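The structure under discussion appears below in the form of structure tokens.
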Amino acid sequence: MIKAQGLIKKFPPNDFVVIKGIDMTIKDGDFISLMGRSGSGKSTLLYLLSTLDRSFEGKVHIDNRDVHQMDVKEVHALRNQQIGFVFQFHYLINELTVLENVLLPARKAGRMEEALPFARELLSIVGLDSIAHKPSSSLSGGENQRVAIARALIMKPKYIFADEPTGNLDSINGNVIFNLFKKFNKDFGTTIVYVTHDQEFGKLAHTQIKLADGLITTN
Amino acid sequence: MMFLSLRYLLARKKQSLLIIVGIMIGTAAYVGISGMMLGFQTVLLDQLVNNDAHIRISAREDLLTSETMGSFPTASHVFWDIPPSGMKDSAKIEYPIGWYQKLNNDPQVLAYSPQVNLNVIFRRGTLSRSGRLIGSDPRLQERVTNIQKYMVIGKFSDMGQTGSRIIIGKALMESLGARPSETLFLTSGSGAPKPFKIVAIFSTGVRNIDESTAFTSLSDAQNLRGSGSEITDIAVKVEDPYNVSEITSSWKLSSREKILSWQEISASILSVFKTQDIVRNSMTISIIVVAGFGIYNILSILVTQKRRDIAILRSMGYLPKDIVSVFFNQGIILGLIGGLVGLFVGHLICRFVGTIEIAPGRMGSDSGHMTISYDVIIYVKAFAIAMLSSVFSSIWPSLEAKKLEPMDIIRSGGQ
């Protein structure tokens, strides 16, 4: 469970307030969409909740652990073991193959061998097992995003945070991605929080949170 | 993180290869040039150390003054009409027995040889050459220097203890047109020329020694000089020739004689060695520093190009120190490969240069080939320079990569 209390985020140089005091709770196994207009603070909120941005006022507790109280090693271990990220720009490492990209978090954790069968299974689920040994630089946008999802899931994380995961994809590939999210949420119980500006995709979530001007307007 | 570093390097084969070649050239140049220069220096140093005494005790060549000629204390009205001037005509070791006792009792002294050194004119028919005659006991002289090593005809002991026999430098003999067993006439400037028979020939490879020096027995040199049993020098060999300055300093405190170490005598040559070393090190370090700048540039560009990768790695739990390793390892791998290949290529260069034939006696060679030093310290230094250059040029871009915050990169869309 992730709990945020009095969350405020300001940006330098003029301390421009983007998140203006948000209280929210994300229950385990939930499937949440964050929606809102550009500049509403939805991506910023996602990064605050996911530990990528720890420079804020207020409190964020992940599984009862205060994010501010964690040291660098603890935060990185948490990201490695419990959190998976999917970004709008999929950020695969072009010099690696598809399979190597998927295994990157496991490589950091020193659990390559035990993760290898699951990596192949994940690639099979996302429909890319036939190109596991191809360089990731040769993939299409949709394939890239599916690899990024497999990579986010390789450590069987408790939480997946996705920032506009379909932002660069056509509707067919977008549907594929959301079906994958739904499947992992259902099959693995993974808590999924995603940011989208697409109303259709937003409505697919169990919990829809709308933001406007740094505040939650609808929950 | 080595896995990622290798992948980044292999993805840029051309750039990586160019950097490796740069480091290789610098390392090979250091090994090759050092091998040649130090080979030459080692042989020359060996000659400097062992061809002559480690320490030379010589008679003081004081200028004459009124005081040194004695005085007339009771006759205050006696004055010099023309005061004495110039040098004493017969410099000598004042108390050689005392020196012999001192040298016999000094544990650092391995051997010593009393000598009479005098400038002479060698004459054969109408030809004459000026040079230096060294009178010594052949058994003692052989223990002090390695002159026997340079004998080309006869043995050093052939000159015996007396009998007016000389051992002459090959170049001197040739310039006089003489041959072994011939008789030369020697004069020290005063007295009639005396005949000396050539019994052996030496060639050290040092031209100014070979064309001006001859050896004879101590008693024959004393006779030629006309100064009885006086000696002008004592040549001393010590246990550690590279630690002579301490010995000479302590001896100088208790003696009026001129005491010079081989290092003081050869100071000008040793200073040339130092200059050679400075040039050698500067040149090769410059090459490697240029290669180091290559590493720095490539890694700096790579850090900028790989901002997205840094962001995703950090979001996956890779620590800042892991990011440092990804980039730092690349510099180290380039330095390691370039350094090792450079050592091998440098060694091959040395082996090749070592086969080049040169005139015996030149470039410090006794064998007719260039003398090359394969001292392990050359290889260690070359490799250390390559690695240091790689470390310093890799560390800054790697630390820059560490400072990048994933949020800043993601917010900028990975740009």
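Computed from a predicted structure; not experimentally measured. Just so it is clear: chains get the letters A, B, ... in the order the sequence lines come, proteins before strands, and each one is counted from 1.
Applying a 4.5 Å heavy-atom cutoff, the residues of residues 8-20 of chain B that approach chain A are B:Y8, B:A11, B:R12. Contacts from residues 65-78 of chain A to chain B, taken as heavy-atom pairs separated by less than 4.5 Å, involve A:V72, A:K73, A:H76 in sequence order.
Atom NZ of A:K158 is surrounded by more than 12 heavy atoms from other residues, nucleotides or ligands within 6.0 Å. The neighbour count for A:D15 CG, taken as heavy atoms of other residues, nucleotides or ligands under 6.0 Å away, is above 12. Within 6.0 Å of CZ in B:F293 there are 12 or fewer heavy atoms belonging to other residues, nucleotides or ligands. The environment of B:F344 atom CZ is sparse: at most 12 non-hydrogen atoms of other residues, nucleotides or ligands sit within 6.0 angstrom. Heavy atoms from other residues, nucleotides or ligands lying under 6.0 Å from CZ of A:R37 number 12 at most. More than 12 heavy atoms of other residues, nucleotides or ligands sit less than 6.0 Å from atom CZ of A:F56. Under a cut-off of 6.0 angstrom, the local environment of CG in B:N297 is crowded, with over 12 non-hydrogen atoms contributed by other residues, nucleotides or ligands. Annotation: B:F352, atom CZ; neighbour count of heavy atoms from other residues, nucleotides and ligands within 6.0 Å does not exceed 12.
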(message) Does A:L96 form a side chain to side chain contact (heavy atoms under 4.5 Å, CB included) with B:L4? I'd like the steps, not just the answer.
(response) CA-CA 8 Å; A:L96 304 183; B:L4 261 180; 4.0 Å; yes

(request) Kindly indicate, with the supporting measurements, whether the criterion side chain to side chain contact (heavy atoms under 4.5 Å, CB included) is fulfilled by B:E405 and A:D53. (result) CA-CA 9 Å; B:E405 281 300 324; A:D53 190 349; over 6 Å; no

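Between atom OG of residue A:S50 and atom CE of residue B:M407 there is a gap of 7.5 Å, rounded to the nearest 0.5 Å.
Here the closest non-hydrogen pair linking A:L104 and B:Y318 is O-OH, 2.6 Å. Residue B:S315 comes nearest to A:F87 through the heavy atom pair OG-CE1, 3.8 Å, listed as atom of the first residue, atom of the second, then distance. Contact record, B:M316 with A:P105: SD-CG, 3.5 Å, taken as the closest heavy-atom pair.
Only the side chain of A:E100 comes within less than 4.5 Å of a heavy atom in chain B; its backbone stays farther off.
A salt bridge links A:E95 and B:K306; the closest N-O separation between the charged side-chain nitrogens and carboxylate oxygens is under 4.0 Å.
For the set A:N80, A:I83, A:I93, the entry with the most heavy-atom pairs within less than 4.5 Å of chain B is A:I93.
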